[in-house]
Amino acid sequence: MCGIVGYIGKRDSVNILINGLHKLEYRGYDSAGICVLDNENLSLVKEQGQIEALVSRLSSRPISGAIGIAHTRWATHGEPSERNAHPHMDCHGDIAIVHNGIIENYQSLKKLLQDEGHKIVSQTDSEIFAHLVEKFYQGDLEQAVRSALQLVEGAYGLAVLHRQERKIIAARRGSPLILGLGLGEMYIASDVPAILQHTKEIVYLDDNELAEVTADGYNIKNLSGQVVDKNIEHIKWSVEELEKKGYKHFMLKEIFEQPEAIANTLRGRVKNGQIKLSLNLPKKIQRIIISACGTSWHSGLIGKYLLESLSGIITEVDYASEFRYRQPLIGPEDLLIVISQSGETADTLGALREAKARGAHTLGIVNVVGSTISREVESGIYLHAGPEIGVASTKAFSCQVTALLVLALFLRQESGRELDQDLLSELDKLSEYINKSLEQDQVAQEIADKFKAVKNFLYLGRGLNFPVALEGALKLKEISYIHAEGYPAAEIKHGPIALVDKKMPVVFLASKSHLSPKLISNMQEIKARGGIIISVTNNQEEEVAKQSDYVLTVPQVRDELSPIINVIPLQLLAYHIADLRGLDVDKPRNLAKSVTVE
């Protein structure tokens, strides 16, 4: 969601902060602002819209200072506007704050502060915190922030300045925040890309921790004032991975990075006909529950098919946003698998904590090393997909499905059953197969040009490829703003077929399998009603071609691998439709890369 960057050192902070905000644009935002400390004066500039608007404002009103905080806002309370943009200040301009998250009790706190004479100027919940710090400030910013936090209910990632103190106070609960270590300088950010060009030495704050940050270092305490020792993590991502490398958009780059990303997910995990994973799992698992959101939920649905068929363990899939609110029946004989690219998804983290409180075993599948989920689960599988900047997930999805397949094979192996060596051999060729699917880029672009102006799409699949239909539809919705729905192909007779006419494109996941005859029957039902069929298929039999108006060809693979292969043309189709419509593919409206609030 929102982005935070902070700097304290000897250099002028403005360019560092602005460059950091640019690196966080993928998170989604509608306004931006910056505040720096120059001698004992706080200089504040903020603007609605893109960071470029803020930069333009700074060119006419330059500021400078060696200490500063900056923010990109994604509106929750109050419309996008300069007034509601961060940073926010107290009544006298002594204190500046930036805040990610939601202060749930801000209305009662607002009334308390107004009754005491504080003037609240924005519509946001965040501004309240600046006034709370003002209320408690008696010459010690750290203590004032700690006292203010005692009154706050909800989630926060915070950075706070006072004009008379050469330090930044940072605090976290439920919204990610990191410290970056330099030589005679320190950084604060809500995500690694913001500061990666300056340092790879990172400290992750955990919930209910508060850091006092100076140019010479940091002290971290809990909200009770007890000192907390933290490990320093070394980030392996390179700065070059955060660049487009000649691609028009990050999303297209990340689609084409999938062969390498999947090779990294598999590296060292399939050896000599066996699966090598180091996991802390119980000997007997009665049931598996997968909890995730959005694209990760779709990978979880594929995981259900794989886990049940290969490991024989009953598997359920839950929306993380619903899981903890339905009093889930989960306990010590169950394994909860949480899936999140960022490892910071608020709903998924909430599901994890609910399951742990009920005694369940936990396993995380995440991409970001050191993220909150990776630290709180008992076992984990890192994707090693590299940074994913495009808001619409692509390589993370295919790597998640790959990781779930490896996990399913591992659980089968642990139960004493033999592994299918042909399937393991196919896994070794997976990157090669993906490269073959990527050869459909030009075909996808030609199809996209024909359908860029339509208003609706249907995506249909069966078995393992039903969730791929859901994912294909989601990709199109996210970046092209075209309404699209995914269904199990057999379900069209139960309502959706009413939408089919001569203007309706219907995408079929039509790879050859034991379900092919039934899928062809569904295709005939669409054709009989004048629908336009786009097939993603490895089945060049006459009947599939006969029913299809357009074909995206993928290589013949085992059923277990087909979701990974088949999703590639759907990603390309969605990308090219959005690009041809002239849309901002990497930063679709209203969306954020990492959803860290409920």
Side-chain angles (χ1 to χ4, degrees), residues 265 269-270 274-275 277 279 281-293 295-320 322-323 328-339 348 351 355 360-365 377 379-381 397-424 426-427 430 461-471 486-491 509 511 513-516 518-519 557-567:
T265 298
R269 289 169 171 162
V270 183
Q274 291 187 311
I275 303 297
L277 289 177
L279 301 175
L281 298 177
K283 290 184 178 180
K284 182 172 177 55
I285 300 170
Q286 189 71 28
R287 179 181 58 153
I288 294 172
I289 297 176
I290 299 173
S291 191
C293 301
T295 286
S296 297
W297 184 74
H298 296 158
S299 68
L301 290 175
I302 298 169
K304 171 183 168 66
Y305 284 87
L306 296 170
L307 285 160
E308 289 194 337
S309 64
L310 293 171
S311 74
I313 301 173
I314 296 169
T315 304
E316 302 173 7
V317 185
D318 250 301
Y319 281 114
E322 294 292 326
F323 179 79
L329 298 177
I330 186 170
E333 294 185 338
D334 299 321
L335 173 66
L336 179 80
I337 300 175
V338 288
I339 309 174
T348 309
H361 300 275
T362 59
L363 183 147
I365 297 177
V377 291
S379 293
I381 299 175
F397 172 79
S398 55
C399 288
Q400 287 168 355
V401 176
T402 303
L404 285 161
L405 174 56
V406 170
L407 176 62
L409 290 167
F410 176 77
L411 292 174
R412 180 182 182 87
Q413 177 180 280
E414 291 297 287
S415 70
R417 286 176 289 172
E418 290 187 9
L419 298 182
D420 185 334
Q421 295 301 314
D422 288 339
L423 177 55
L424 296 186
E426 289 285 281
L427 264 177
L430 185 52
R462 282 182 176 266
L464 278 162
N465 283 290
F466 154 54
V468 180
L470 293 176
E471 176 62 11
Y487 284 94
E491 286 296 305
L509 281 306
S511 293
S513 73
H514 67 287
L515 292 171
S516 290
K518 295 186 180 296
L519 198 69
V557 297
R558 290 280 298 257
D559 282 353
E560 295 91 343
L561 303 183
S562 64
I564 303 167
I565 301 304
N566 290 340
V567 79

Could you go step by step and tell me if L427 and L405 meet the side-chain contact (heavy atoms from CB on, under 4.5 Å) rule? CA-CA 10 Å; L427 264 177; L405 174 56; 3.9 Å; yes

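The shortest non-hydrogen separation linking S291 to A320 is OG-CA, 3.2 Å. Here the shortest heavy-atom pairing between L363 and V377 reads C-CG1, 4.0 Å. Between R558 and D422, the shortest heavy-atom contact is NH1-CB, 3.7 Å. Minimum heavy-atom separation, A403 to I381: CB-CG2, 4.1 Å. What you find for E308 and T315 is that their closest heavy atoms are OE2-N, 2.9 Å. Residues A489 and L519 share a closest heavy-atom pair of CB-CD1, 3.6 Å.
Taken to the nearest 0.5 Å, the CD atom of Q274 stands 12.0 Å off from the CG atom of L409. The NZ atom of K304 sits 12.0 Å away from atom CG of L464, with the distance rounded to the nearest 0.5 Å. One distance of note links CG of D559 with CG of L306; it measures 10.5 Å at 0.5 Å rounding. Put simply, CD1 on I275 and CG on L424 are 5.0 Å apart, with the number rounded to the nearest 0.5 Å. To the nearest 0.5 Å, the span separating CD1 on I302 from CH2 on W297 amounts to 11.0 Å. A distance of 7.5 Å separates CG of D334 from CD of Q286, quoted to the nearest 0.5 Å.
Contact check for I337 versus L407: side-chain heavy atoms found under the 4.5 Å cut-off. Side-chain contact between I330 and I289: present, with at least one pair of heavy atoms (C-beta onward) separated by less than 4.5 Å. Using a 4.5 Å heavy-atom threshold, the side chains of E560 and D420 count as separate. Taking 4.5 Å as the limit, some side-chain heavy atom of I288 sits within range of a side-chain heavy atom of L411. Under the 4.5 Å side-chain criterion, counting only non-hydrogen atoms from C-beta, I365 is not in contact with V338. For the pair Y305 and P467, the minimum side-chain heavy-atom distance is below 4.5 Å. Residues L430 and I565 have side chains in contact (heavy-atom distance under 4.5 Å, counting atoms from C-beta outward). In this structure, the side chains of S299 and I339 come closer than 4.5 Å at one or more pairs of heavy atoms.
For E333, the CD atom counts as loosely surrounded, since its 6.0 Å shell holds 12 or fewer non-hydrogen atoms of other residues, nucleotides or ligands. Within 6.0 Å of the CD atom in Q421, the count of heavy atoms belonging to other residues, nucleotides or ligands exceeds 12. Counting heavy atoms of neighbouring residues, nucleotides and ligands inside a 6.0 Å radius, atom CG of L279 exceeds 12 of them.
Defined by atom type and a distance below 3.5 Å, a donor-acceptor pair is present between the side-chain atoms of N566 and S511.
One N or O on the side chain of R412 and one on the backbone of L310 form a donor-acceptor pair closer than 3.5 Å. Side-chain N or O atoms of E471 include none that pairs as donor or acceptor with a backbone N or O of V567 at under 3.5 Å. Within the 3.5 Å criterion, the main-chain N or O of S311 finds a donor-acceptor partner in the side chain of R417. No donor-acceptor pair under 3.5 Å is formed between the side chain of H361 and the backbone N or O of L336. Under the 3.5 Å distance criterion, the side-chain polar atoms of T362 are left unmatched by any main-chain donor or acceptor of A360.
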